[in-house]
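Just below is one structure, and these are the notes that go with it.
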Amino acid sequence: MTEAPLIVPASAGPQASDDLLAGLNPQQLDAVTHRGPALLIVAGAGSGKTSVLTRRIALLLRNREAWPSQILAITFTNKAAGEMRERVGALVGDAARGMWISTFHSACVRILRREAGQFGFTQNFTIYDSGDSRALIKRLVKEHEADAYGLTPASVQGRISKLKNELQDAESYARDANMNDPAERLFTEIFADYQRQLQKANAFDFDDLIGQTVYLFRAFPHVADTYRRRFRHILVDEYQDTNHAQYALIHELTRPVQGEAPEPYASNGMMIFEPETTPGSGTGAEAGASLTVVGDSDQSIYAFRGADIRNISEFERDFPGAKVVLLEQNYRSTQNILSAANAVIGNNFDRKDKKLWSDKGDGEKIVGFTGYSQHDEAQFVADEVEALRRAGMPYSEMAVFYRTNSQSRALEEIFIRAAVPYKIMGGTKFYERAEIKDALAYLVSVANPSDEMALRRILNKPRRGIGDVTETAIARFAEEQGITFREALSHPSQLGVGPKLQAAIGQLDQVLTEATAIMLPASGEVPSATSVAEGLSLLLEKSGYFDSLRRSRDPQDEARLENLDEFVAVTRDFARNNPDGTLVDFLTEVALVSDADDLDDESGTVSLMTMHTAKGLEYDAVFVTGVEEDLIPHRISAGEPGGPQEERRLFYVGLTRARKRLHLSLAMTRAQFGEVSVAMPSRFLQEIPAELIDWRQSPGDVNSRGGTQSRALNARRQGGGGRDRFAAQPLEKRLTPLSTAMDRFPNKVTAKVRDNGDLELVPGDRIRHDDFGEGRIEAVTGEGAKRIAHVRFDAAGQKKLLIKIAPIVKL
DNA sequence: GTACACACATTTTTT
DNA sequence: ATGTGTGTAC
C-alpha cells in the first residue's frame, strides 16, 4: 500500500502500534482492531482488504496478543500467501517468523505429512494432480468397462471431486444412490476402487488433502486438539470461494478444545509447539480460536468447483456473536471504471446492495474496440499496449484477460510479431508437459516406491521394449509373491521374460536404487542440499532418457531437452532456496505451486491470463478481451443454475482489476474448432452506461463499413463518421452475420510461419509489410532470431516487428 | 512392440 | 487447428 495520510483516530490502540493504524478509514480501523470469537470483513474489490488483514496480524503480534506460531492465515494462492508473508514481515520484522501463512492445500499437506502414520499412509505420500487422478480413473473406467454405460473418465472425475468437496465417500454415496441403476452401481464401484488405489499408492488427490484432514480431525480428536490448541487466531482470505470441505476444516479448527493438558508433541513424536509459553492461555479446556474471514460475494467465481456462497452469507448464523464490517471505499480504480463495474454487478439479483465508490475522480473513459477477427482484436490490443508504453507506462503494469485459455493463442501470435514482451500466466503449464511429467515420475518413483502409477509411467520411457505384456507380467509376479511392483523390478530373472527385457528391467531397477542412495540415504545420514538436482541428473542420464532425446531427429525433442534442462535448473534453485529441502519437500512444492504463482510479475512484460487467474491482482491498464456472447457469459454456463450470474461476477472481477485504464474488446468473428463463426457482443456490454465507453470502433462500425482493406490500414481513420453509439439501439439490428466481410478478411495473420532468415536491415531502409504497407526502418535491436525492427509506417504509424517472421520485404 | 495414419474430440474457469 | 487415442501394418 502506498503511504497514507496520518489520521490517527482517537480510539487507536497502544501507541507502539500507531503506524499500523495510520491512514485507515473508520471501517478499516474496526476490522483491524476488533477482538472477538468471529469477524466477517465484507471487502469490496480494491477496498484495501489485504492491507487490513496484514495489519490485523501485525497488531496481534506487536501487542503480544499472539505468538507467530499461534496464527494460521489461509489465502487462495501461494502467490497471495507469499505477498502476505512479505507484507507482515515488513510491518513487524522477524516477529513474523513461525506463522503459518499458506493455502488450504499446503496447510493440509503440512498436517498430513506429520500425521499420515495415524491412518495408513506414510510421511512421503505422493500428491496426485488432476492429470494424475484422471489417468488413474481412466484406467479404472476401462477395467470396469464402464464406458458402455456412458461413464467417461472426465465425468467420473468430476463427480468424485464434487462428492469429496461435500465430504462424501464411496460408502456414504452408495447409501443414497439408486443401486438398481447399473451405471450408478458401476460409479460407486469405481469410486471405491479409486480410493483403494490411492491408499495403496500412498497418495492423496487434491480434494483428499482437505477432506482427509477433516477426516483425521474427526476420527482422532486428540490430534485435532493439538492443532486447536496451537492455532489461536485463524484468518481466511477469499472466504466466498471456500467449499464445504474447507468450511468443515475451519469449523473443526475453531472448536473449543476438549482435552486435558497440552502435549507439546504430536502423536508421531514431531514437535508441534514452539518451546515458549502461550500468552493468555491456561491448561485444560480452552475456547475456540478466534476466526477472521474476508470475502466479497460479488467476487465468488468458483461455484463450479464446489465453492459455496452460503459459507459467507450465513457466516453470522454459523458463528454466533460474529461481528460484520463492511468496506466499501475503493482505493484502486477511477470512478468511471467503478461505475461500469457497479452497473454490471447491479444486474445480479439476490445480492446485498453494495456500491463501491472512489475519490480518485472520473479518470479516462473506458475504451471499446470491435475487431473483424480475433487477430484483428489482438492487433488492437498490441497497438494500444505500445501506445501506453510510449506514454510511459511500464509493460509490467498492463494485463490482458480472457475467458478461456484457448483465446491466448491469437494474442500470443500477434504479440510475438509486434515484439511486445509478454508472459502467459497459467495455461499450458510447464509441469504438464510430458517430458516434465516423466522426470517427475522418476523422482516420485524414488520418493514413494508404493506409487505404481509413477513406475508404470517410466517403465518404457525411454523405450526399453517394455510393453503391455511385460508390464502385466511384472504386475502378476508382484501379486503372486505378495511384493510391490517396485520390488518386483529387482527380480528380472524371475519374471518369465526374455534376456533383453531382463537386462532392461535390471538396468532401470539399478538406476532407481542408485538415485535413492543419493536422495534418500540410509538412516541417520543427511542428504546434501543438491541431492535432488544430482539425483535427477543421474536418473535422466543413466536411464537413457537424455540420450534418446539427443539421438532423436524429431525437432520437438530439442525443445524437450531444453525443458528438462530448465527443470534441472529448477531443482538447483530449490536447493539454493531451501538448503534443508528434501526430495519430498521438492515434490510437494511442485505439486502445489502453480505456474501462476511462480511466474512472478517479471518486470517489463505484459501479463496474459484468464479472468479467474486475475482475481486478487491489479494493474494500471487492463484489457478484457473477447467480450462476446458464448464466451462471457460462456455458452456452457447457460445451463447451470446460477451460471449466468457467476459469469457476471467473473466479468466484474475482470473490470475491477484496472486502476487507470480499462479496455473492452471483442471480435465479430471468432475461429473455434478450426471453424469460423459469427460472434455477438456480450449482453454485459449493454449493462455498462453508454457514456462511459469511448468506442474506437463499435460493433456497428464494423458492420456498416466493410472496406476492402484490413483494419490495420482501414481503422486508423480516427473517429469522425461512424459515431453511432452501439448501446443506443437494439442489438439484433446491427448484428447481421458478416459472412461477406469474412471473405474479405481471412485470417491473414495465421497464414504461414515464414522465415526471413537473416534479412539484413539498417535504419533508413524502406520495407513493405503485408498488412501495414510501406514504412521506413528507424532502428534495429536484438540479436539473432530475436532481432526487432522499429518501423515507422506511412499509414499505420510506429510498429515493432520481429524481423525473422514478420511478413515484410525490403524495397 | 513400434511406427505411422486416421479419426476424433476438444474449449470454462484451478488448488 | 491441434493434440490425443485407436487401429493397422511392419
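Atoms considered below: every heavy atom in the structure, side chains included; atoms not considered: hydrogens, waters and symmetry mates. Per chain, numbering begins at 1; letters A, B, ... match sequence-line order. The shown structure was predicted, so the numbers you read here are calculated from the model rather than taken from an experiment.
- In the set B:dT14, B:dT12, B:dT11, the nucleotide with an atom closest to the side chain of A:Thr610 is B:dT14.
- Between A:Phe204 and A:Phe121, the two ring planes are parallel [angle under 30°; tilted spans 30° to 60°].
- For B:dT15, the base is not stacked against the aromatic ring of A:Phe104, per a cut-off of 5.5 Å between centres and 30° between planes.
- Computed from coordinates, the A:Tyr128 OH to B:dT15 P distance equals 21 Å when rounded to whole Å.
- Atom C1' of nucleotide B:dT11 and atom CD of A:Glu628 are separated by 14 Å, given to the nearest angstrom.
- For B:dT13, neither phosphate oxygen OP1 nor OP2 lies less than 4.0 angstrom from any side-chain nitrogen or oxygen of A:Lys615.
- Taking a centre distance below 5.5 Å and an interplanar angle below 30 degrees as the stacking criterion, A:Phe673 stacks against the six-membered base ring of B:dT10.
- For the OP1/OP2 pair of B:dT11 and a distance below 4.0 Å, the side-chain nitrogens and oxygens of A:Asn405 include no atom meeting the criterion.
- In the set B:dT13, C:dT6, C:dT2, the nucleotide with an atom closest to the side chain of A:Lys142 is C:dT6.
- Toward the 5′ end of DNA chain B lies the nearest nucleotide of A:Asp468, the other residue of the pair A:Ser637 and A:Asp468 mapping further downstream.
- Nucleotides of DNA chain B nearest to A:Val469 and A:Gln672 differ in position, and the one nearer the 5' end is that of A:Val469.
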### Query
Stepwise, does the side chain to side chain donor-acceptor pair (under 3.5 Å) test hold for A:Ser106 with A:Thr103?
CA-CA 5 Å; A:Ser106 9; A:Thr103 61; 2.6 Å; yes
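- A salt bridge is absent between A:Arg409 and A:Glu413; no separation between the charged side-chain nitrogens and carboxylate oxygens falls under 4.0 Å.
- B:dT12 atom P lies 13 Å from atom NZ of A:Lys162, rounded to whole Å.
- Cation-pi check for A:Arg159 over A:Phe191 is not met; the charged atom does not lie both under 6.0 angstrom from the ring centroid and within 45 degrees of its normal.
- To the nearest angstrom, C1' of B:dT13 lies 16 Å from CD1 of A:Ile424.
- Phosphate contact (OP1/OP2 of B:dT14, side-chain N/O of A:Thr613, threshold under 4.0 Å): present.
- The residue A:Thr242 sits apart from the nucleic acid: no heavy atom pair falls under 4.0 Å.
- Not a single donor-acceptor pair, N or O on each side, falls under 3.5 Å between the base of B:dT11 and the side chain of A:Arg403.
- Taking 4.0 angstrom as the limit, A:His634 places a side-chain polar atom (N or O) nearer than this to OP1 or OP2 of B:dT12.
- Put simply, CZ on A:Phe206 is 8 Å from C1' on B:dT14, counting in whole angstrom units.
- The residue A:Arg463 sits close only to the backbone: its heavy atoms come under 4.0 Å of sugar-phosphate atoms, none of a base.
- Ranking C:dG5, C:dT2, B:dT13 by closeness to the A:Lys138 side chain, first place goes to C:dG5.
- Base contact: A:His105 has a heavy atom under 4.0 Å from a base atom.
- Comparing B:dT11 with C:dT6, their C1' atoms are spaced 23 Å from each other, to the whole Å.
- Straight-line distance from the CD atom of A:Gln157 to the C1' atom of B:dT14: 12 Å, rounded to whole Å.
- Between B:dT15 and A:Asn165, no contact under 4.0 Å exists linking OP1 or OP2 to a side-chain N or O.
- Among the nucleotides B:dT11, B:dT2, B:dT15, the one closest to any side-chain atom of A:Asn460 is B:dT2.
- Salt bridge annotation for A:Glu647-A:Arg403: present, with a cationic side-chain nitrogen under 4.0 angstrom from a carboxylate oxygen.
- Checking B:dT15, B:dT12, B:dT14 against the side-chain heavy atoms of A:Ser130 singles out B:dT15 as nearest.
- By the 30° and 60° cut-offs, the orientation of the rings of A:Phe651 relative to A:Phe684 is parallel.
- Proximity note for A:Thr404 (side chain, C-beta onward) versus B:dT13, B:dT14, B:dG1: the nearest is B:dT13.
- Nearest to the side chain of A:Tyr302, among B:dT12, B:dT15, B:dT14, sits B:dT14.
- At the heavy-atom level, A:Asp129 lies nowhere under 4.0 Å from the strands shown.
- Distance A:Met609 CE to B:dT12 C1': 17 Å, rounded to the nearest Å.
- For the C1' atom pair drawn from C:dT4 and B:dT13, the interatomic distance equals 22 Å after rounding to whole Å.
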### Task
Show the numbers, then the answer: is there a side chain to side chain donor-acceptor pair (under 3.5 Å) between A:Tyr227 and A:Glu115?
CA-CA 11 Å; A:Tyr227 293 93; A:Glu115 313 290 347; 2.8 Å; yes
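- Of the listed nucleotides (B:dG1, B:dT12, B:dT13), B:dG1 has the atom at the smallest distance from the side chain of A:Thr470.
- As rounded to whole Å, 16 Å separates atom C1' of B:dT13 from atom CE of A:Met425.
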